[in-house]
Structure formats: structure tokens, C-alpha cells
Amino acid sequence: MPRDALLSYLRSIALIAEKDMRIYYTKPPVLMFGFLFPLFMFLSFSLGRSADLHTLFPGLAAMFVFFVASSVGPLITPWEKRAGTYERLLSFPVTVNTLILGDVVAGMLYGIFINVIILAVGMAAFGYSVSFTGVLIIAISLVLGAFCFSALGVLLASPASKNPPNVMLLSNLVRFPLIFISGIFVPIASLQGIARVAAYCSPITYLVNGFDLGLLGSTAIPLLFSWTVLIGFSVGFVLLARTFLRRNLMKGL
Amino acid sequence: MKRDRDDVIAVAGLTKRFGAITAVDDISFSVPEGELFGFLGPNGAGKTTTIRMLTGILTPNVGAVSIDGIDIQKHPIAAKMQMGIIPEMSNVYIELTAKQNVVLAGRFYGMHRKDVEERTDKLLQQFELSDRKDDRVEGFSKGMKQRVLIASALVHIPKVLFLDEPTSGLDVHSQRLIRAIIREMNDAGTTVFLTTHNIEEANTLCDRVGIINRGALAAIDTPERLKQAFNETQSVEVAFDKPTDIGEIERSGLVNRTERTGDTWRFYTDDPDALAKWILSFAERRKLSFTTLSIEGASLEDVFVTVTEG
């Protein structure tokens, strides 16, 4: 791609993301499913229990990243189709790829902003001593995880519905099982048989793994393998979202 | 695709099918630079599908569209850069201010922030929205939102402007303002492609009109030439000062058909001059006075009805 075309492509992605950030970050469904819901889940697993929060926090932080980053994507397309802004967006000199990546970047940044605070508070509260390498591992894992989960959110928005509550419902039907099959509440090394296989199928497992290594210094899966799988899931989600979105582009307009 | 040097829009054999339904069936036409072209048709005739294909939102099954010589299917971004588009089912972002909406549009077209802000301020002033430019669009009337939309489509000074029903459902003041802006843009050299249900709007604004019916292009010409081509719809309009039996006029042998609106009669005829003279003598015999007597040529509405009902 020529340099000017690449710059124009990146600028369009940034503009879509900027528009999404201005409009959708404060929408009630995003605040509900992206912030309040994981917060209450976090509190219900941490308050008044004898759980070892020092060990549990990396998994809970990964759950937070998952909920926050995947909460923006499902809302955007149905909301825009219902509000009548989607066709105008398509009329701008942008491609479907630009729209998808712009939405993914918006969800990813939302996941990163909120979880930097969550991680900082958690690290201070639970007394982790994290090296510079550990911080780097956490930062890279956070970026890759947030991108991956945001791409999943955009994929969940690609069906034709222009009714945001329907899409949010569908997204929760997919998100909840993923939470429970991941190694959030039980370390992956302790899982046996089909539970272990299921955990390997969830992208959240690989973020938990990265956070485990960064915060606790130990891990069940090699770090580079975890990052590669997160990148693989991201590419798969984006390609699937592109296929579905192209197929359903005009539905609901 | 054959294209004259000055054609800004060139359409060749455009066809769009949705399953078994052919929404647009092999239409071809061109719009030269600087023309204000009206695209008319009844509901479901294929107007919106056509404009969506012309603007690259929808891909045709067959056929090609070029905008200023750029094939929109092969180079959609380059072609879209030449256009300003107001789609039919379109709206502004109500969560953003009027200025933010227009600036966002300008930046999608690659304008620098400083340039786009200057141009936005100028446009919002022209559209009588200066004092509300920093207000969220949420509280705007439909007419004000439509003005913001049109400002967004004009911000990058497009070579060709596509408007799908731009004055539909607006109050008279907003309609007039938007028509004046369309005319002004056209006078400044912008080619305009306008779809509308409002026949009078097309009649007064457009240099040429195309009429689409059941997906096919049924007529295309200047409004005046279309009216001449459909001169069988000439009529004499009459209202008398008191009720009278008009059966004698209908039996004069000069009347093709009659329409009544309130106390006014409209007699369609092939020879309006002879019929008017006949009615004058009829009124003299019956000692009637006229409250209305006029000869009407074919209107664009008559042409539209004839073409789309035929």
C-alpha cells in the first residue's frame, strides 16, 4: 500500500475510533455491561470470602478486561442502524475494514483505560512486587487481550439486527460461557479432562496466563504461545466480523 | 463504458436484483458537469437503490458507474472523494454538536482541522445555524438536523452532490432554504443529482429529469420537453359563479375526460383553444360568469402520472 494511502487508511480508523469514543463510551448499556457488571462480579468473588485474592486477582483482572473491551463493539452497529447514521457512515470514503478496525480500536482503548486503573489499584492493594519485565508483560498482554476481546465484541455486532438490546443479549450469551470455561476462578493446572480442553478454547485463558506471569511470576502456558494465540483469535474475529458485516451491510437500513 | 468528456456521472446497464425481484433493470444515462438532474419515481420504483449504487453503498449485479471518470466499483474511495451525499435514511449524530458533526465529515474527506473548522463556521452561518453551532444536535428540529446534514455533505466542496429526498417532511422555511442552497451550489458549478417526490421541486430546480418506474428508466429529458411530449394532457380549467350542468360541455366532442376539484372543473382536451371558445359561448348562453377560466399545458405532474401509470 502506498504511504499516502496507508496514512489515509490509518487516519480513517482513528476518526471512526474517535467518533465511537465520543458517542458510545457513556451509553448506559456500555456502562452497565462493560463496567458495573464486572465490578459487581469482582466484588462478589472478593468480598466476604476466604479466597486468596493475591492469587485470584490476575484472573479477575482478565475478566474485567474481557467485559470492558467487548462491551463497546456489540452496541455500535445496531445503534447506528437504528439512529439512521450508518448509511451516512457508509457514504464516507471509508471501507468496511476501516469501520471494523475503528470500532475495534475504540473498544480496545476503553478496555485499556479502565483496566490500567484496575491493575494499578489491584497491584497496590494486594502488594505485588512487580519487576520492569513484569510490567512490560502485563502491558503487552493487556493490549493484545483488549484488542482480541474488542474484536469479539465487533463480531457479535455483525448480525443484521438494528435492535441494540437483542445484540447485547446475544453478546452476553456468548460472553458468560467464555468466562466460566476460562481459567479465571480455577488455575488451569488444576483443571482436568474436558474442563482443561474447554479452558484452552477460550481466549481469556491466555490473558489470565499473561497476567499470572506478570503479577505472580509463574505460568502454566508459555508466554509467547499465549500472545500468539491471542493474536490468532484477534485475526479470526476480525476476518469473521468482516465476512458477516459485508453480508449484512444493508440489512436494517 | 462510453463517457463524454464532460459527463460527471456516467451509468451503463445498471441492474440490481434482490433474490427474484429486479429492483433496477438495465438503466443507462449520464449527467454532464454542472447539471442539476432530478430523479423521480413512485415509491418502490428503484430510486433509492439507484442512488445507493451511484454512491458506492450498494454493489450492482450488472453494469458500471463512473464518477468524474472514476469507476466506483474499482476505486470506491477515490470516487467517493468527489461526492457529497445525503442518503434518504440518514441522520446526524445527535450526541455531537452541529459543528462536531460537520468537522467529522470534513476530516473523513482528508481536510486539515484548521481548514475544516473555518469552512464549517462559514457553512453553519450560511445555513442560519451559527448561534447553535456548539449545541448538541439532540434538541434540533428536523429542518435544522437536515441543514447540518447538508452542511456535512458540502464541507469538502464536492464535485457532485447526491441528495435523496432532501426536503421531505420539512417545514416551508427549511424547504426554501435548502432549495436555495442547492441552487447556489449548482450555480457555483457543483453537479447535483436530486431524487424527490416533490414534482414541483423538480420542475423549478432541475435542468433535466429522469423518471424511473418499476426499475426501468421510463423518460429522461428537460421538464419543458417532457411536457411537450405529453401534450395530450392539456386542459381548460373553469369555475362558474353558480352551479350548472356541465354535461353539455362534456358532450361538445372536444373533451377527452373531466376532473372536478371543489367547484372547479378541469376538461382535458386535444384542442384547448377551440374548447375555451366553446365554453365562452356556453357561458354567454346560460348567462354565467366565470370565477376561473384558464388554459393549462401539461404539467410535470401530468407527465409523471402518465409515465408511471402507463
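Only this structure's heavy atoms are used, side chains among them; waters, hydrogens and symmetry mates stay out. By convention in this document, chain letters (A, B, ...) are assigned in the order of the sequence lines, proteins followed by strands, and residues within each chain are numbered from 1. Quantities reported herein were computed from a predicted structural model and do not represent experimental measurements.
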> For B:Ile21, does the CD1 atom have more than 12 heavy-atom neighbours from other residues, nucleotides or ligands under 6.0 Å away?
Replying inline: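 No, because the 6.0 Å sphere around CD1 of B:Ile21 holds 12 heavy atoms or fewer from other groups.
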Atom [atom1] in [X], atom [atom2] in [Y]: separation rounded to 0.5 Å?
X       : Y        : atom1 : atom2 : result
B:Thr59 : A:Arg246 : OG1   : CZ    : 9.5 Å
A:Lys19 : B:Leu96  : NZ    : CG    : 9.5 Å
A:Leu90 : B:Leu58  : CG    : CG    : 10.0 Å
A:Arg88 : B:Ile85  : CZ    : CD1   : 10.5 Å

> With sequence neighbours left out, which residue pairs that include part of residues 47-82 of chain B fulfil the ring pair (Phe, Tyr, Trp, His ring centres under 6.0 Å) condition?
Replying inline: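 Pairs touching residues 47-82 of chain B that pass the test: none.
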> Does any donor atom in the side chain of B:Tyr93 or A:Glu80 lie under 3.5 Å from an acceptor atom in the other side chain?
Replying inline: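 Side chains of B:Tyr93 and A:Glu80: pair found under 3.5 Å.
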>> Please classify the contact of B:Ala105 with chain A as side chain, backbone, both or neither, using a heavy-atom distance under 4.5 Å.
In response: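 Its backbone and side chain both get close to chain A.
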> Which of residues 59-73 of chain A have a heavy atom under 4.5 Å from any heavy atom of chain B?
Replying inline: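 Listed by number: none.
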> Do any of residues 93-115 of chain A come closer than 4.5 Å to chain B, heavy atom to heavy atom, and if so which ones, in number order?
Replying inline: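 At a heavy-atom separation under 4.5 Å, chain B is reached by A:Pro93, A:Val94, A:Thr95.
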>> Please output the residues of residues 41-50 of chain B in contact with chain A, using a heavy-atom cutoff of under 4.5 Å, in numerical order.
In response: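 Within residues 41-50 of chain B, no residue comes under 4.5 Å from chain A.
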>> Just so I understand: if I count every heavy-atom pair under 4.5 Å between each of A:Leu15, A:Leu89, A:Thr26 and chain B, which residue has the most?
In response: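 Looking at each option in turn, the highest pair count goes to A:Leu15.
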>> Can you classify the ring geometry of A:Phe92 versus B:Phe108 as parallel (below 30°), tilted (30 to 60°) or perpendicular (above 60°)?
In response: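 If you compare the ring of A:Phe92 with that of B:Phe108, the planes turn out parallel.
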> Between B:Arg107 and A:Arg11, does a side chain to side chain contact (heavy atoms under 4.5 Å, CB included) hold up when you go through it step by step?
Replying inline: CA-CA 9 Å; B:Arg107 289 176 66 208; A:Arg11 189 177 52 219; 5.9 Å; no
>> Please determine whether side chain to side chain contact (heavy atoms under 4.5 Å, CB included) holds for the pair B:Val92 and A:Thr85, giving the CA-CA distance in whole Å, both sets of side-chain angles, and the decisive distance to 0.1 Å.
In response: CA-CA 6 Å; B:Val92 281; A:Thr85 52; over 6 Å; no
> Given that the side chain runs from C-beta out, which part of A:Ser91 has a heavy atom under 4.5 Å from chain B: side chain, backbone, both or neither?
Replying inline: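 Both the backbone and the side chain of A:Ser91 come within 4.5 Å of chain B.
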